[in-house]
Amino acid sequence: MSLAAEAFVSQMAAAEPWPENATLYQPLKDDQILLSDHASSLAVQAYLRMCGLPVQVVCRANAEYMSPSGKIPFIHVGNQVVSELGPIVQFTKAKGHTLSDSLDDVQRAEMKAYMELVYNMLLTAELYVQWCDDATAAEISRPRYSSPYSWPLGKILAYQKQWEVRRKMNAVGWGGKSLEQVYEDVSQCCQALSQRLGTQPYFFNKQATELDALVFGHLFTILTTRLTSTELAERVKSYSNLLSFCRRIEQTYFEDKGS
Amino acid sequence: MAAPDELFCWEGDWGLPSVSTDCLVVLAYAQFAGAPLKLRKICNPWRSPSGSLPALRTNQKKTLSRPSDIIVHLRKRKYNADYDLSAKEGADSLAFISLLEEKLIPALIYTFWVEPKNYVDVTRRWYAEHMMFPLNFFLPGRMQSRQLEKLRLLRGDENLEAGEELEKELYQDAAECMNLLSQRLGSQKFFFGDSPSSLDAYVFGHLAPILKCKLPNGKLQQHLKSLDNLSDFCSNILLLYFPRDGRAENSGEKASPQPDAADFDSVPNKRRKQFLSALFAFAAMLSYALLTGMVSVQHVHQEALEEPPDPEHIGSHEHEEEGDG
């Protein structure tokens with residue numbers, strides 16, 4: 001989206017209140033969605049719940065191609081379509097819903113930095129395990145990714161995606177890493193998050209922010225998704241404060257609504 | 001003690017110890033930690049043991065080329081600039097380094113390698129002038145296409161083109177990143193108090209080229225200069241840890257050694273080249289002429305020594321020659 005269009009959209013957004021029929025699109029939950037997409041989708045859902053904004057989750061096999069940026073998830077609110085957590089946070093802010101207003105400048109800088117840490121290490125590690133570990137790619141990622149399509153097309157699309165992710169890994173310097181090194185990076189990232197969280201209920205004490213939503217989305221998905229090896233989840237499980245953090249957010253924002 | 005590790009990195013210019021961000025990060029970290037490295041500043045990536053720069057050849061003959069790997073290696077050898085950091089500060093370093101990688105690197109690649117005027121006038125020119133003869137024709141172009149590929153993959157955008165929209169977007173991210181760093185730094189000398197750590201090395205490596213390099217399109221530099229504490233932070237590190245390079249720049253402004261010297265050199269070079277090419281063209285024309293039928297001139301010349309020249313004679317001679325040929 002161009003900047004002029006973005007400015008226009010945020011003006012439009014400010015004018016209208018949050019509608020009741022807002023929708024979030026993601027790939028099919030049972031057969032298709034992959035770990036990294038599910039994590040991003042869950043992060044957005046957690047964020048919207050923290051803001052108290054209702055959203056209906058819709059699963060579509062072609063969600064990736066419906067998204068304006070080609071990334072999952074995206075929300076459809078009134079006349080607008082916005083994808084990914086960063087722009088969605090901007091968008092809700094324009095509508096007057098924000099979680100990070102009470103932070104001072106230094107805290108806001110730290111929050112942004114930790115969010116980039118999650119993108120830079122956790123998300124990249126998830127992509128690596130999904131597509132660059134041959135066992136996971138062959139047993140889980142490729143079959144799931146190609147499940148909605150018929151035979152030759154599904155194969156082609158899955159290999160194309162794998163090829164693209166591998167090129168990206170080379171570009172960010174992860175191409176030469178072994179699986180063990182990637183797990184080590186995940187540990188390092190969790191260690192940093194755990195240190196930062198300490199004994200607080202949320203990253204910036206009492207108030208949940210978009211950072212909490214993002215961390216929850218990724219860690220909860222890693223903990224609850226079955227892969228060929230449990231190593232990724234094991235690495236997260238060794239940090240007890242992160243585990244109770246995930247449980248706390250799940251209880252506060254997801255179970256009340258469900259019941 | 002065993003021989004020190006050897007560090008290969010790009011040569012410096014513009015008052016910096018090296019022109020490449022990754023090399024600057026490693027150099028700064030080594031300075032902060034006091035690691036004794038045998039420094040090799042070169043301008044030919046093919047002479048580095050890994051084929052890229054920076055590269056560290058350890059004394060066990062292992063080669064490392066990612067800055068983070070090099071820093072981990074130095075840390076293992078007990079050259080640790082992060083020794084005094086608390087666990088939380090260590091976590092903050094990791095987070096801010098990610099921030100740099102996600103937000104500032106795309107803008108850095110854009111401003112040095114994609115922005116057409118900057119690339120042609122400064123980046124390509126610098127690399128072409130400093131590389132050896134056959135390499136300077138194709139290596140800068142190859143480096144550019146690699147950087148462009150990297151930017152494409154980082155943004156997940158296949159058809160990426162230099163343009164105002166992309167520039168605005170990237171520069172907005174970069175400016176936000178600089179603002180956040182400036183807020184985090186506040187009025188401190190370094191990010192975590194009075195002694196520099198690996199985060200300081202990373203920030204210095206990414207910001208110093210923006211601050212020091214004079215680019216035709218200098219929007220990032222303008223923004224950085226407006227953040228006083230960040231630009232002071234970079235100049236301070238240069239002054240404290242790389243005094244020699246800073247001085248080289250100062251004398252450079254007066255006596256013009258590096259970039260201007262190259263200009264002065266290239267002028268006589270150009271003359272000589274012009275002269276040589278003219279000579280070559282002349283020789284080629286002459287040999288062509290000699291081969292195709294002006295051999296007669298020599299004949300005339302020889303006979304001219306024997307007999308005084310006579311227009312009729314020459315005419316008849318040429319006639320004979322043509323008949324022969």
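Here is the naming used below: chain letters follow the sequence lines, and residue numbers restart at 1 for every chain. Just so you know, these numbers use all the heavy atoms, side chains as well, and skip hydrogens, waters and symmetry mates. None of these values were measured; they are calculated from a predicted model.
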Of A:Val118, A:Leu117, A:Thr124, which is the lone residue that meets side chain to side chain contact (heavy atoms under 4.5 Å, CB included) with B:Ser98? A:Leu117
Who among A:Ala192, A:Gly70, A:Ala113 has the most heavy-atom pairs with chain B under 4.5 Å?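 Counting heavy-atom pairs under 4.5 Å, the top option is A:Ala113.
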For chain B, which of A:Val172, A:Val106, A:Asp105 has the most heavy-atom pairs under 4.5 Å? A:Asp105
Could you report the tightest heavy-atom contact between [X] and [Y], atom names first, then the distance?
{"X": "B:Arg66", "Y": "A:Gly173", "result": "NH1-O, 2.7 Å"}
{"X": "B:Leu153", "Y": "A:Arg167", "result": "CD1-O, 3.4 Å"}
{"X": "A:Lys168", "Y": "B:Leu154", "result": "NZ-O, 4.2 Å"}

Sort A:Gln188 into side chain, backbone, both or neither according to what part of it lies under 4.5 angstrom from a heavy atom of chain B.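 Both parts, heavy atoms under 4.5 Å.
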For A:Lys93, does the NZ atom have more than 12 heavy-atom neighbours from other residues, nucleotides or ligands under 6.0 Å away? no
Count the heavy atoms of every other residue, nucleotide or ligand shown that sit under 6.0 Å from CG of A:Asp104, and state whether that count exceeds 12. yes
For A:Tyr114 and B:Asp92, indicate whether the former's side chain and the latter's backbone hold a donor-acceptor pair under 3.5 Å. yes
Output for pair (B:Leu180 CG, A:Met111 CE), nearest 0.5 Å, gives 9.0 Å
Reported CZ-to-CD distance for the pair B:Phe96 and A:Glu116, which is rounded to 0.5 angstrom: 11.0 Å
Quick check: do B:Leu94 and A:Met121 have side-chain heavy atoms less than 4.5 Å from each other? yes
Does some side-chain heavy atom of B:Glu176 sit less than 4.5 Å from a side-chain heavy atom of A:Lys112? yes
